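Before any comments, here is the structure.
Since this is a predicted model, take the numbers as computed values, not measurements. A note on names: the letters A, B, ... follow the listed sequences, proteins ahead of strands, and every chain is numbered from 1.
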Amino acid sequence: MAEYRLLTKDFGTDGLQTIDVYERCGGYEGLRKALRSLTPDEVVSEVKTSGVRGRGGAGFPTGMKWSFLPKDVHPRYLCVNADESEPGCFKDRALIDENPHQLIEGTLIAAYAIQAPIAFIYIRGEYHDQRLLLERCVEEARAAGYIGRGILGSDFSCDVIVHGGAGAYICGEETALIDSLEGLRGQPRLKPPFPAVKGLYGKPTVVNNVETLSNLPHIVLRGGAWFASVGTEKSTGTRLFCCSGHINRPGTYEVALGTPIRELLEEECRGVWKGRSLKAFQPGGGSMQVLLPEHLDLPLDMDVVAKAGSALGAGAMVFMDETTCMVDVSMRLVDFYQHESCGKCAPCREGTYFEADLMHRLERGELTTAELTTLSDICDNMNGKCFCPLGDTATWFVMSAYQAFHDEFEEHCGAGGCPVKRRNRELVPAAGGDRG
Amino acid sequence: MNVLTPETRAEIERQRDRYPQARSAVLPSLWAVQHQLGYLSPEGMAEVAELLWLTPSEVEAVASFYSMYFDRPGGRHHVLVCINVSCALRGADEIVSHLEGRLGCPSGGTTADGEFTWEQTVECLGACGGAPAMQVDHHFQENLTPERVDAILDEVRAAPASEPHGPSLWHRIAVRLRKAGR
């Protein structure tokens with residue numbers, strides 16, 4: 001089996017969402033060890049040794065991120081990024097649904113390491129039940145003495161506040177998250193200054209992803225060196241991959257980094273559905289470039305996948321079978337970016353609008369070949385020229401799909417409808433929907 | 001004359017006092033208003049402003065940015081269907097056209113009896129592993145088929161008005177669906 005269970009080892013245990021069961025599974029021992037036998041700097045150094053990189057998409061080393069905090073400037077704040085909204089991504093929801101206390105313990109360890117008196121868990125508005133669950137768990141942890149003044153008899157005090165968003169993908173970008181948490185429209189800020197220097201309320205702030213923090217109890221308990229021995233040299237540990245699309249068993253699977261993508265597809269996802277063959281896949285969610293069946297033998301390693309022209313991003317694998325129309329997929333993603341553009345900068349605000357208009361006309365078969373060049377021009381005027389990564393990533397999938405499936409895009413021009421869907425209908429005359 | 005009940009106002013004050021700066025409580029306060037009124041009325045937002053020591057325009061500017069806040073009254077229940085890639089690959093369009101026919105109004109509309117407001121959304125709901133998926137009154141409903149959608153809508157419609165999204169209703173729906181083998 002490709003599976004390697006670290007974060008998910010207790011998933012499915014009856015009542016794991018309550019503090020008693022979590023403690024019986026060894027919960028809060030990492031926090032206890034950190035507070036009783038490690039200094040904050042020793043925790044930071046353990047995390048640096050572990051080599052754990054951010055699981056939110058950018059893959060920046062967590063220990064290094066913490067060390068950017070200026071010395072002796074207080075208070076500092078910790079923000080937990082639970083604004084998971086990347087198309088295809090649902091791992092943070094699983095981590096919260098299945099083992100919320102693991103996240104709270106990791107949050108407290110991080111808060112101790114950076115000496116933050118308050119940690120904010122910013123959770124997206126759509127995760128309503130998950131927010132209520134976290135709020136209940138925070139109260140449980142408070143009653144047990146893990147949150148509040150003088151935690152476990154130490155001189156470290158920390159409060160945890162669960163803060164619900166209200167529907168905005170951009171709030172997953174760390175500076176937009178901070179603006180939103182301050183009660184503003186969630187628009188990204190100019191960097192520098194980086195949040196580590198000037199973040200929430202103008203104070204030094206660290207923003208970490210849910211999965212990153214869920215790793216911390218294990219890193220503290222078993223040591224950074226042990227963690228670094230799992231995975232590959234530069235992509236250490238495990239990762240939760242959210243697998244969806246045309247596969248037999250969609251779901252969240254934890255595997256050691258370095259595992260070949262094919263193993264994840266064949267063993268955990270049980271292969272492509274309906275006995276069909278794979279046409280393309282996205283390795284890192286809606287923002288990342290398309291990869292082809294020839295890339296299936298690549299290892300799940302952030303740097304190797306980056307070299308192949310895409311990225312592991314937030315760990316969302318979307319598989320598409322041979323009947324998939326790549327223009328339709330591109331159109332839906334472009335619609336998403338247009339809807340989620342915050343409107344702060346012109347290339348993104350206007351560019352996503354033009355992109356969406358062109359893609360809709362292309363999918364309807366109304367675009368001319370000349371106008372297809374306009375699509376490339378628009379993407380070229382956005383990529384690398386937007387205020388934040390949202391605008392850049394709004395072009396990555398569509399441009400990579402245009403390159404890899406050039407003929408399919410051209411075929412749509414002036415076709416008076418979607419040629420791929422027409423072909424599918426001819427193959428399976430009665431196919432109204434395609435839901436297996 | 002206040003439009004917010006003393007309970008909602010107390011909740012907003014409780015939220016305000018949780019944060020180092022009162023303004024951080026804007027989003028939670030707007031949620032409290034929406035849960036009471038069903039949407040964000042100008043009067044409700046003005047009361048939030050008063051309680052958080054802001055101006056009404058500051059609160060309204062925030063409210064209009066976020067897609068989950070409603071600026072007008074809707075049906076008793078809210079249905080949100082994901083049409084992003086993972087759901088589309090597994091039949092979201094079929095669910096959308098089924099809902100349109102079943103509820104008799106286009107996306108964004110409210111049924112004639114005022115029971116349901118429904119809309120399709122390109123914002124991924126984070127339920128790709130159970131695609132196609134939707135949310136009814138904030139609760140996930142996954143692995144949808146037209147029959148399953150019908151069963152869910154029937155149960156929701158039959159729920160007493162006093163408890164629009166209580167846990168017992170969702171438990172009952174889950175049990176009924178399991179019994180029906182869906």
Side-chain angles (χ1 to χ4, degrees), chain A residues 75 77 84-90 92-94 118 120 124-129 159 161 163-169 180-187 200-201 242-246 250-252 282 286 316 318-321 324 328-329 332-333 335-336 338-340 342 432-436, chain B residues 15 18-31 34 52 54 58-59 61-69 80 82-95 97-98 121-132 135 137-140 143-146 165 167 170:
Chain A
Y77 295 111
E84 171 172 75
S85 334
E86 182 68 28
C89 200
F90 48 101
D92 294 345
R93 180 181 150 210
I118 308 179
F120 298 89
R124 70 181 297 203
E126 288 82 354
Y127 289 179
H128 176 261
D129 290 346
D159 193 14
I161 296 177
H163 183 95
Y169 169 68
S180 180
L181 195 46
E182 287 186 3
L184 302 164
R185 295 164 75 88
Q187 292 186 320
L200 185 62
Y201 310 127
C242 315
C243 302
S244 65
H246 293 151
T252 313
Q282 263 186 310
V318 186
F319 295 98
M320 303 162 208
D321 75 16
T324 312
D328 182 79
V329 171
R332 284 175 200 266
L333 286 171
D335 272 350
F336 169 75
Q338 188 210 349
H339 186 257
E340 296 304 321
C342 79
D434 201 3
R435 58 186 159 85
Chain B
Q15 291 290 344
R18 288 205 307 165
Y19 295 91
Q21 291 185 10
R23 186 173 187 146
S24 280
V26 173
L27 262 57
S29 302
L30 291 175
W31 275 122
Q34 183 155 308
L52 301 184
L54 298 168
E58 284 172 315
V59 173
V62 175
S64 63
F65 183 81
Y66 297 92
S67 61
M68 293 180 75
Y69 293 131
L80 193 61
C82 177
I83 57 161
N84 206 310
V85 175
S86 295
C87 283
L89 291 174
R90 296 180 82 95
D93 288 353
E94 192 191 354
I95 300 301
S97 49
H98 180 75
T121 178
V122 287
E123 185 159 5
C124 175
L125 293 177
C128 324
Q135 281 196 332
D137 299 335
H138 298 315
H139 293 264
F140 282 104
N143 300 308
L144 298 175
T145 59
H165 17 84
W170 302 100

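- With respect to chain B, the highest number of heavy-atom pairs below 4.5 Å among A:Phe319, A:Phe90, A:Tyr77, A:Tyr169 belongs to A:Phe90.
- Counting heavy atoms from C-beta on, the side chains of B:Asn84 and A:Leu333 come closer than 4.5 Å.
- Between chain A and the options B:Ser97, B:Pro28, B:Cys128, the largest number of non-hydrogen pairs under 4.5 Å is found for B:Cys128.
- If you measure heavy-atom distances from A:Cys89 to chain B, the contacts under 4.5 Å come from the backbone alone.
- The part of A:Ile118 that comes within reach of chain B is its side chain, from C-beta onward, which places non-hydrogen atoms under 4.5 angstrom from that chain.
- If you tally non-hydrogen atom pairs under 4.5 Å between each of A:Glu84, A:Met320, A:Arg124, A:His339 and chain B, the highest count goes to A:Arg124.
- With A:Arg93 contributing its side chain and B:Gly126 its backbone, the two residues share a donor-acceptor pair below 3.5 Å.
- Atoms CD and OH, on A:Glu182 and B:Tyr19 in that order, are 12.0 Å from each other to the nearest 0.5 Å.
- Among the candidates A:Asp335, A:Asp92, A:Asp129, the residue making the largest number of heavy-atom pairs closer than 4.5 Å to chain B is A:Asp129.
- If you measure heavy-atom distances from A:Val318 to chain B, the contacts under 4.5 Å come from the side chain alone.
- Within the 4.5 angstrom heavy-atom criterion, only side-chain atoms of A:Phe120, from C-beta onward, approach chain B.
- Taking chain A as the reference chain and counting heavy-atom pairs below 4.5 Å, the highest number among B:Val26, B:Leu54, B:Leu27 is found for B:Leu27.
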Legend entry - Intermediate values then yes/no, side chain to side chain donor-acceptor pair (under 3.5 Å), A:Arg185 and B:Ser64: CA-CA 9 Å; A:Arg185 295 164 75 88; B:Ser64 63; 3.3 Å; yes
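- In terms of heavy-atom pairs under 4.5 Å with chain B, the best-connected choice from A:Ala166, A:Gly167, A:Gly251 is A:Ala166.
- The candidate from B:Ala22, B:Ala61, B:Ser29, B:Ala92 with the greatest count of non-hydrogen atom pairs under 4.5 Å with chain A is B:Ala61.
- In this structure, the portions of A:Ser180 lying under 4.5 Å from any heavy atom of chain B include both its backbone and its side chain.
- When every heavy atom of A:Ala168 is checked against every heavy atom of B:Phe65, the shortest pair comes out as CB-CE2, 4.1 Å.
- Counting heavy-atom pairs under 4.5 Å between each of B:Ile83, B:Asn143, B:Leu52 and chain A puts B:Ile83 at the top.
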Inset, instruction - Would you sort out whether B:Arg23 and A:Leu184 count as a side-chain contact (heavy atoms from CB on, under 4.5 Å), showing the intermediate values? - result: CA-CA 8 Å; B:Arg23 186 173 187 146; A:Leu184 302 164; 3.2 Å; yes
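- Between A:Gly88 and B:Cys124, the closest heavy-atom pair is N-SG, 3.6 Å.
- Here the straight-line distance linking atom CD of A:Glu126 with atom SG of B:Cys82 works out to 10.0 Å at 0.5 Å rounding.
- Contact annotation for A:Glu86: only backbone heavy atoms (N, CA, C, O) come within less than 4.5 Å of a heavy atom of chain B.
- Interface residue B:Gln135: only side-chain heavy atoms are found under 4.5 Å from chain A.
- At least one donor-acceptor pair closer than 3.5 Å links the side chain of B:Ser24 to the backbone N or O of A:Leu181.
- The candidate from A:Val329, A:Ile161, A:Asp159 with the greatest count of non-hydrogen atom pairs under 4.5 Å with chain B is A:Ile161.
- Side-chain atoms of A:Tyr127 and B:His138 form no donor-acceptor pair, as typed in the model, at a separation below 3.5 Å.
- Taking both residues in full, the closest heavy atoms of B:Trp31 and A:Gly164 are given as NE1-O, 4.2 Å, listed atom of the first, atom of the second, then distance.
- Among A:Ala94, A:Ser85, A:Gly165, A:Pro75, the residue with the largest count of heavy-atom pairs under 4.5 Å with chain B is A:Gly165.
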